[in-house]
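One structure is given here, and the rest of the page talks about it.
Below, read A as the first sequence line, B as the second, and so on, with proteins coming before strands; counting in each chain starts at 1.
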There are 4 protein chains.
Amino acid sequence: MSDGQKRPSFIEAARKAQLITCAIETLATEGYAQASLAHIAQRAHVSKSAITYYFNSKEELLKQVVIEVYKGAAAYIGPRVGAQSGASERLRAYIEAHIEYISQHLTQIMALAEIGLNMRNADGKPALVGLTDEAALDPLIRLLRRGQEAGEFRDFDARVVAITIRRAIDGTSRLLIGHPDLDVGHYTRELVTLFEYATRKGNNET
Amino acid sequence: MSDGQKRPSFIEAARKAQLITCAIETLATEGYAQASLAHIAQRAHVSKSAITYYFNSKEELLKQVVIEVYKGAAAYIGPRVGAQSGASERLRAYIEAHIEYISQHLTQIMALAEIGLNMRNADGKPALVGLTDEAALDPLIRLLRRGQEAGEFRDFDARVVAITIRRAIDGTSRLLIGHPDLDVGHYTRELVTLFEYATRKGNNET
Amino acid sequence: MSDGQKRPSFIEAARKAQLITCAIETLATEGYAQASLAHIAQRAHVSKSAITYYFNSKEELLKQVVIEVYKGAAAYIGPRVGAQSGASERLRAYIEAHIEYISQHLTQIMALAEIGLNMRNADGKPALVGLTDEAALDPLIRLLRRGQEAGEFRDFDARVVAITIRRAIDGTSRLLIGHPDLDVGHYTRELVTLFEYATRKGNNET
Amino acid sequence: MSDGQKRPSFIEAARKAQLITCAIETLATEGYAQASLAHIAQRAHVSKSAITYYFNSKEELLKQVVIEVYKGAAAYIGPRVGAQSGASERLRAYIEAHIEYISQHLTQIMALAEIGLNMRNADGKPALVGLTDEAALDPLIRLLRRGQEAGEFRDFDARVVAITIRRAIDGTSRLLIGHPDLDVGHYTRELVTLFEYATRKGNNET
DNA sequence: TATGAATGAGCATTCATTCAT
DNA sequence: CATGAATGAATGCTCATTCAT
């Protein structure tokens with residue numbers, strides 16, 4: 001009994017994972033508009049029906065893609081930021097971890113972007129507000145505020161700075177696609193420096 | 001009578017302008033995927049055929065949209081940046097003018113973004129590389145380099161900083177959609193300050 | 001009065017002739033399916049409306065094309081056949097004149113073929129039954145019968161032979177398109193000989 | 001059960017055959033221009049999508065039609081010609097078999113003609129050169145040449161005669177449409193006799 | 001005399017989805 | 001567990017025609 005029930009759910013999990021992977025690849029390489037069930041199924045060497053069998057609708061598949069990618073990113077980045085103690089070090093870790101993850105998981109990130117920029121609910125409103133929405137922004141805002149309270153950071157609007165940092169990070173994927181030979185290390189260091197200057201206290205006030 | 005030649009071309013120009021406007025609105029509010037000729041025509045209270053009568057293809061219409069929006073933005077921003085002389089002032093004007101224009105022409109900017117992010121050539125490659133491509137980046141890079149040569153700016157990778165600034169600017173439209181009540185003035189000032197700190201010389205070096 | 005009325009009708013005739021010519025060229029070079037009013041108008045450097053102004057419908061234009069081509073062919077061929085007296089000589093002249101005309105007016109003949117093979121009435125039935133229909137066949141049948149009565153031709157079914165001759169003639173245009181370097185003189189002589197053998201009396205009976 | 005694999009492919013084969021048949025009927029009765037997927041689907045009591053489900057494109061469907069008709073004709077005619085030994089008998093069998101097949105498969109032959117005369121490649125050039133092209137002509141030319149070498153046939157241009165024979169044969173379908181009550185046997189006999197006289201040796205030379 | 005404007009019908013094709021098996 | 005079959009809706013686009021001028 002306990003065994004009989006688990007086996008199918010194991011197959012199910014494997015198939016789902018495979019289909020999500022194929023969806024990601026299709027989204028990344030062919031774009032949202034071309035990411036039809038037919039194309040995804042073709043890449044998975046599976047019938048279209050198989051997809052709607054495991055995911056009731058295309059929408060559900062895409063949402064699972066989003067969840068999958070988010071989960072992976074969070075698992076990579078969270079610990080790296082948490083390992084630091086000072087606000088300045090946490091910010092540096094935040095930027096570095098993000099860009100590292102993006103540069104190493106470009107396909108996933110592109111797929112996520114395609115969905116975020118194109119997927120709409122039935123009412124026509126964007127289904128995702130993007131990585132820059134409140135949920136994604138909040139931890140960064142808190143990080144910055146704690147830095148201000150600790151006297152490490154100057155007095156800025158934490159929300160505006162957070163948005164700008166996220167934007168710089170989110171744009172990295174597009175940058176890497178256009179310039180695959182980019183020196184990621186150099187780019188990261190420059191970015192970290194930029195935001196250190198932009199946030200740290202002790203500059204001569206204007 | 002005397003200018004009999006102009007009458008027909010006047011109607012044509014008016015219709016084209018109307019259709020471009022409707023295309024912009026449709027793109028902005030419904031997204032690229034939903035911006036079909038049928039939807040655009042519906043918004044213009046016109047038949048689908050009317051669109052292909054004035055624009056030989058959908059692609060041509062979209063390209064006209066891009067041109068239209070670009071022209072408007074350039075006309076607004078160019079003079080404002082050109083009016084400044086110091087690098088720091090020019091950078092400030094660059095950011096301010098962009099955000100002002102974006103906040104006042106949100107629909108157009110969104111339409112442009114939809115096209116830039118989604119339109120593909122026949123080969124499947126993106127038709128536009130986006131506002132962050134070389135052409136759009138170059139003037140800003142030059143502005144920053146001149147500031148460094150003049151000793152106003154610190155020693156950074158002008159390309160990375162330029163990308164980050166453009167990203168912050170480009171993201172403003174998405175921000176305004178999500179937060180229509182945003183205090184644009186405050187946001188702009190914070191952004192200007194952020195990049196002043198990030199670029200200027202004379203900070204205590206790390 | 002007498003003058004005032006003639007001028008417009010002169011212009012009209014000239015325009016009609018021009019449009020018919022352009023229709024012929026379009027049909028011949030682009031085929032029936034591509035011979036839209038738009039394409040014909042383009043070739044005539046005229047608006048689509050101009051065509052429906054002079055010809056109430058596309059159908060009317062095409063019918064005028066047919067008449068025009070027929071008239072030209074009849075004017076060329078009729079006298080040449082009429083100039084001969086013996087049945088055998090008339091048949092030879094019939095074949096020679098046709099092929100000469102076809103080889104010198106390939107475009108018109110091709111246009112005629114495109115229409116004949118494709119044009120349909122509202123009921124879906126072919127609008128033209130082709131050059132092989134009764135009207136075109138009758139003179140040839142009479143020619144052959146008179147030859148039989150005069151004892152020049154053997155005893156065959158004049159209708160079947162007439163059809164076969166017409167078919168050989170009508171196919172010449174296709175042949176010339178596929179083989180523009182064809183030796184028309186040789187081809188004609190062979191054809192004439194073939195039908196001389198096929199029709200003349202005095203062969204050893206089977 | 002045991003041949004579980006065949007069931008799905010059986011349905012597919014049956015549907016394909018049905019759709020090809022309906023396409024043939026539509027082409028024959030309504031003409032190439034009216035043979036849209038919608039019309040074909042209607043005749044098959046099936047949705048348009050069903051056609052593109054089984055045939056990736058309209059072009060593929062039409063090509064299958066051509067293949068189907070050719071196959072049938074070749075299977076009927078080939079053996080009948082091959083069964084004869086003398087050149088004269090082979091020519092007779094060639095004509096007889098063709099006309100028999102045409103008169104018994106009028107619809108298919110008409111469909112083939114519609115495709116051959118109208119179907120164009122993307123470049124606007126005819127997709128099929130027709131039954132009169134080299135491939136179709138070659139066997140007949142060889143047949144005639146062998147007859148000349150064997151001394152059965154007179155000295156003519158085998159190519160011109162072959163073209164004329166093919167033309168007479170190909171035109172039969174049009175003739176039968178216009179005259180469904182035609183006595184095919186009589187017509188065939190007359191045609192055979194005509195070409196016997198036209199080709200055989202031993203006539204008094206002019 | 002001639003045209004620009006506009007349209008509705010029709011085209012081949014793609015798509016996500018449903019359903020029986 | 002997975003698929004083949006089938007569909008209705010939607011897409012960009014072409015077309016002959018109408019109409020006011």
**OP:** Find the distance Leu61(B):CG to dC13(F):P and express it as a whole number of Å.
**Re:** 10 Å
Subject >> Gap between atoms CG and P, on Leu37(C) and dT14(F) respectively (whole Å) >> reply: 15 Å
Subject >> Salt-bridge contact Arg43(C)-Glu30(C) (side-chain N to carboxylate O under 4.0 Å) >> reply: yes
Original post:
Does a side-chain N or O from Arg15(D) land closer than 4.0 Å to OP1 or OP2 of dG4(F), or not?
Top reply: no
Original post:
Do Leu62(C) and Leu27(C) come close enough that some side-chain heavy atom pair is under 4.5 Å?
Top reply: yes
Subject >> Distance-only donor-acceptor test, Lys48(D) side-chain atoms vs dT7(F) base atoms, 3.5 Å >> reply: no
Original post:
Rounded to whole angstroms, how far apart are CG on Leu19(C) and P on dT1(E)?
Top reply: 13 Å
Subject >> Under 4.0 angstrom between Tyr53(B) side-chain N/O and dT14(F) OP1 or OP2 >> reply: no
Original post:
With a 4.5 Å heavy-atom cut-off, do Thr52(A) and Asn56(A) have their side chains touching?
Top reply: no
Original post:
If you pin Ala50(C) and Ala38(D) to their nearest nucleotides in DNA chain E, which one's is more 5'?
Top reply: Ala50(C)
Original post:
Between dA5(F), dA5(E), dT3(F), which one does the side chain of Tyr54(D) approach most closely?
Top reply: dA5(F)
Original post:
To the nearest angstrom, how far is Glu12(D) atom CD from dT3(F) atom C1'?
Top reply: 13 Å
**OP:** Quickly work out the Ile40(B) CD1 to dC13(F) P distance and round it to whole Å.
**Re:** 11 Å
Subject >> Interatomic distance where CD belongs to Glu59(C) and C1' belongs to dC15(F) [whole Å] >> reply: 16 Å
Original post:
Nearest-Å distance, CD (Gln42(D)) to P (dG10(E))?
Top reply: 11 Å
Subject >> Side chain of Ser49(D) (C-beta onward), nearest among dA9(F), dC15(F), dT13(E) >> reply: dA9(F)
Original post:
Within less than 4.0 Å of OP1 or OP2 of dT13(E), is there a side-chain N or O belonging to Thr52(D)?
Top reply: no
Subject >> Whichever of Ile51(A) and Asn56(C) has its nearest DNA chain F nucleotide further upstream toward 5' >> reply: Ile51(A)
Original post:
In whole Å, what is the span from the CZ atom of Phe55(D) to the C1' atom of dT14(E)?
Top reply: 18 Å
Original post:
Phosphate oxygens OP1/OP2 of dT3(F): is one of them under 4.0 Å from a side-chain N or O of Ser47(A)?
Top reply: yes
**OP:** Let me know, please, whether Lys58(D) or His45(C) comes out on the 5' side of the other along DNA chain E by nearest nucleotide.
**Re:** His45(C)
Subject >> Test: Lys58(C) cationic atom under 6.0 Å from Tyr32(C) six-membered ring centre, within 45° of axis >> reply: yes
Subject >> Ile40(A) side chain reached by Gln34(A) side chain, heavy atoms, under 4.5 Å >> reply: no
**OP:** Tell me the partner of dA20(E), counting only Watson-Crick (N1-N3 plus N6-O4 or O6-N4) or G-U wobble (N1-O2 and O6-N3) with both under 3.5 Å; none if nothing fits.
**Re:** dT3(F)
Original post:
Counting just side-chain N and O atoms, does Ser36(B) come under 4.0 Å of either OP1 or OP2 of dT11(F)?
Top reply: yes
